[in-house]
Amino acid sequence: MKQPGLAHRILGTLGISVERQQLGPPPGLYHYQRLEGEWPTRFHLRVDPDGGGLLIANAAQAAMLSPAGVQMTKAILEDQSDEEIIAQVRADFADAAEADIVADLARVRRLVAELSRPGDNYPIWNLDDPYAAAASRSLAAPLQADVVPGDAETTTLMVRRLWEAGVPHVAFVVRPPTSLPTLLRAVEAAEDVGMIAGLRTTASRLTPQFVHDAAMAGLDYLGVLYVSNDATRHDAVCGRADHERAWAILRQCHELELCPVAVVPIMETTVDELEEIAGALLGQGITNHLYFALACPDDDQDAQKAGAVKASALPQVAAVIEESAEEAAARFQWAPPVRFDSTRPLAEQVLAGPRTSADCTVRVQQDGSVLPPRGPAVCAGNLLTDTWEDIWNHPCFERYRERLVMPTRCPDCPGLAICAAACPKDPASWSDDAKDGDQR
């Protein structure tokens with residue numbers, strides 16, 4: 001089975017496998033632009049405390065790097081010659097044979113050249129996928145933060161704190177009463193430090209002028225909620241005339257060369273329509289889709305009647321969606337399923353969307369509270385008052401700190417991308433905000 005539109009890959013640990021002792025660039029996030037043909041590629045090189053790192057291109061592809069690979073990559077992106085790089089690596093890694101250094105440098109140069117053509121897919125959603133055979137290593141920070149903006153000053157401070165922690169990508173989750181000028185300031189703050197920046201919202205909360213201004217300010221992609229091809233059903237959830245506005249904004253994204261992302265909820269009432277929804281979006285050139293399921297255990301019949309999808313149905317639904325992506329060479333991604341909250345109307349939960357867009361992502365609330373992508377809405381600390389080390393060392397991030405462990409594949413649904421981080425049929429793997437009240 002081919003990759004169902006997944007734009008990123010982990011290419012393995014590059015460079016020379018020798019012990020590193022405080023060599024190479026210091027830990028942190030480094031931002032570069034590299035021209036390949038007509039269009040520049042934005043690179044983020046994250047150097048972790050263990051000396052290894054991660055190279056991210058246009059937030060669409062990623063490769064893990066060993067300490068020597070980090071050193072080579074940084075030198076390549078800073079236009080150093082092969083002779084300079086080989087001399088430095090030889091000095092820092094005395095036990096490495098020169099032939100190995102030369103061979104690894106050639107591999108890293110090929111990697112950088114290949115990643116310079118990643119296309120316009122945004123963003124990276126999951127670090128591991130079922131098609132990647134990567135060497136695993138620890139993460140010092142997530143790849144993305146989904147941030148609910150507060151006032152402009154606080155949001156700017158949160159963006160800077162995330163960048164300092166080594167998070168290269170921020171997506172602003174637009175909730176009322178966030179004002180558009182404040183939101184524009186948030187996009188500008190992300191651009192100022194070099195972060196990839198996106199938005200996720202309903203079309204009715206935006207204006208054409210704001211979309212234009214945000215694109216000019218450096219917004220990289222815009223995620224718009226798309227419930228149904230039927231305007232009446234869509235507007236019943238998102239508001240009057242939102243369906244028409246959603247299509248207008250998606251078309252505007254193309255005109256502005258801003259990557260459009262359709263955010264598609266999966267509910268009992270739309271399960272049978274998902275192929276048609278995907279087809280309509282693809283027909284208009286919308287090839288990046290984010291799907292999130294409002295799910296419930298199989299024995300919760302009340303939730304199913306209210307519109308939630310039962311757990312056992314999720315793999316079958318995912319198989320249909322991923323087959324459509326493969327046929328269209330599109331990029332369909334999965335957010336962690338959301339456990340249906342019987343105390344809230346279905347429409348309200350659809351509008352709230354997923355807690356995070358992916359598994360190597362954290363949620364940051366307006367007050368700075370940091371939540372994990374799955375499980376109960378446990379606050380791991382406050383981005384504004386706690387150190388990143390204390391937040392990241394919270395028990396709820398253990399599986400993400402060490403690595404995203406790929407689960408054992410069952411014979412029922414082998415190879416589905418939705419299974420990459422956890423079995424979708426297991427309610428314990430869903431995001432569950434209801435347990436701790438309104439955390440969204």
Side-chain angles (χ1 to χ4, degrees), residues 8-34 41-116 118 124 127-128 132 134-144 162-169 193-196 360 388-389 392 400-404:
H8 77 281
R9 292 161 300 136
I10 300 296
L11 301 183
T13 303
L14 300 179
I16 303 154
S17 298
V18 297
E19 196 68 26
R20 179 185 189 271
Q21 297 181 346
Q22 299 181 343
L23 303 173
L29 201 54
Y30 300 84
H31 181 217
Y32 301 93
Q33 284 198 347
R34 187 178 181 88
T41 296
R42 294 177 68 184
F43 280 102
H44 289 86
L45 175 63
R46 191 172 79 190
V47 182
D48 290 330
D50 65 0
L54 195 68
L55 178 64
I56 305 168
N58 274 1
Q61 292 185 327
M64 281 183 168
L65 303 167
S66 73
V70 165
Q71 189 176 93
M72 291 177 178
T73 300
K74 189 171 188 295
I76 290 169
L77 293 173
E78 293 175 357
D79 295 322
Q80 294 186 30
S81 68
D82 283 2
E83 292 75 15
E84 291 173 312
I85 298 172
I86 291 169
Q88 184 61 54
V89 173
R90 188 191 301 120
D92 288 346
F93 299 89
D95 294 337
E98 180 153 351
D100 292 335
I101 297 175
V102 172
D104 274 357
L105 178 57
R107 291 179 63 206
V108 177
R109 281 204 178 276
R110 286 196 298 271
L111 169 70
V112 172
E114 184 176 348
L115 291 184
S116 295
I124 292 176
L127 182 59
D128 283 339
S136 296
R137 53 181 302 276
S138 62
L139 291 176
L143 298 184
Q144 177 180 329
L162 289 166
W163 177 262
E164 291 166 0
V167 179
H169 175 183
V193 297
M195 293 180 88
I196 295 291
C360 45
W388 178 253
E389 183 180 8
W392 193 235
Y400 303 98
R401 281 196 311 271
E402 301 304 323
R403 60 175 177 156
L404 287 180

**Study point:** Sub-4.5 Å side-chain heavy-atom contact between D48 and L54
**Key:** no
Review point. Any chance CD of E389 has more than 12 other-residue heavy atoms, nucleotides or ligands included, within less than 6.0 Å?
Key: no
Exercise for review: Please name all residues satisfying side chain to side chain donor-acceptor pair (under 3.5 Å) with E98, sequence neighbours left out, ordered by chain then number.
Suggested key: R90
**Study point:** Test side-chain contact (heavy atoms from CB on, under 4.5 Å) applied to F43 and H31, step by step
**Key:** CA-CA 6 Å; F43 280 102; H31 181 217; over 6 Å; no
Check your understanding: Under 4.5 Å between any side-chain heavy atoms of V47 and L29, yes or no?
Key -> no
Exercise for review: With rounding to the nearest 0.5 Å, note down the distance linking CD1 in I76 to CD in E84.
Suggested key: 12.0 Å
Practice item. Just do the side-chain contact (heavy atoms from CB on, under 4.5 Å) check on I56 and L143 with the steps written out, would you? Key: CA-CA 9 Å; I56 305 168; L143 298 184; 4.0 Å; yes
Practice item. Report the C-alpha distance between Q33 and T41 in whole Å, list the side-chain angles of each, state the deciding distance to 0.1 Å, and finish with yes or no for side-chain contact (heavy atoms from CB on, under 4.5 Å). Key: CA-CA 5 Å; Q33 284 198 347; T41 296; over 6 Å; no
Study note, to complete from the structure: Rounding to 0.5 Å, atoms NZ (K74) and CG (L45) come to a distance of 8.0 Å
Exercise for review: May I ask you to test the R109-D82 pair for a side-chain heavy-atom distance under 4.5 Å?
Suggested key: yes
**Study point:** side-chain contact (heavy atoms from CB on, under 4.5 Å) partner of M72, the single match among L77, L111, V108, V112
**Key:** V108
Point to revise | Set of residues satisfying side-chain contact (heavy atoms from CB on, under 4.5 Å) with respect to E83, sequence neighbours excluded | key: S81
Exercise for review: Could you pull out the closest heavy-atom pair between P142 and C360, with the gap in Å?
Suggested key: CB-O, 3.3 Å
Review point. So Y30 and R46, side-chain contact (heavy atoms from CB on, under 4.5 Å) or not? Walk me through it.
Key: CA-CA 6 Å; Y30 300 84; R46 191 172 79 190; over 6 Å; no
Review point. Is R42 reaching over with its side chain to a backbone N or O of M195, donor-acceptor style, under 3.5 angstrom?
Key: yes
Review point. Which atoms form the tightest heavy-atom contact between P25 and V70, and what is the distance?
Key: CG-CG1, 3.7 Å
Study note, to complete from the structure: So CG of D104 and CZ of F93: to nearest 0.5 Å the spacing works out to 10.5 Å
Check your understanding: Between H44 and W163, what is the ring plane arrangement, given parallel below 30°, perpendicular above 60°, and tilted in between?
Key -> perpendicular
Practice item. State the CG-CD distance between L162 and Q144, to the nearest 0.5 angstrom. Key: 10.5 Å
Practice item. For W392, enumerate each residue passing the ring-ring contact (aromatic ring centres under 6.0 Å, His included) test, keeping only those at least two apart in sequence or located in another chain. Key: W388, F397
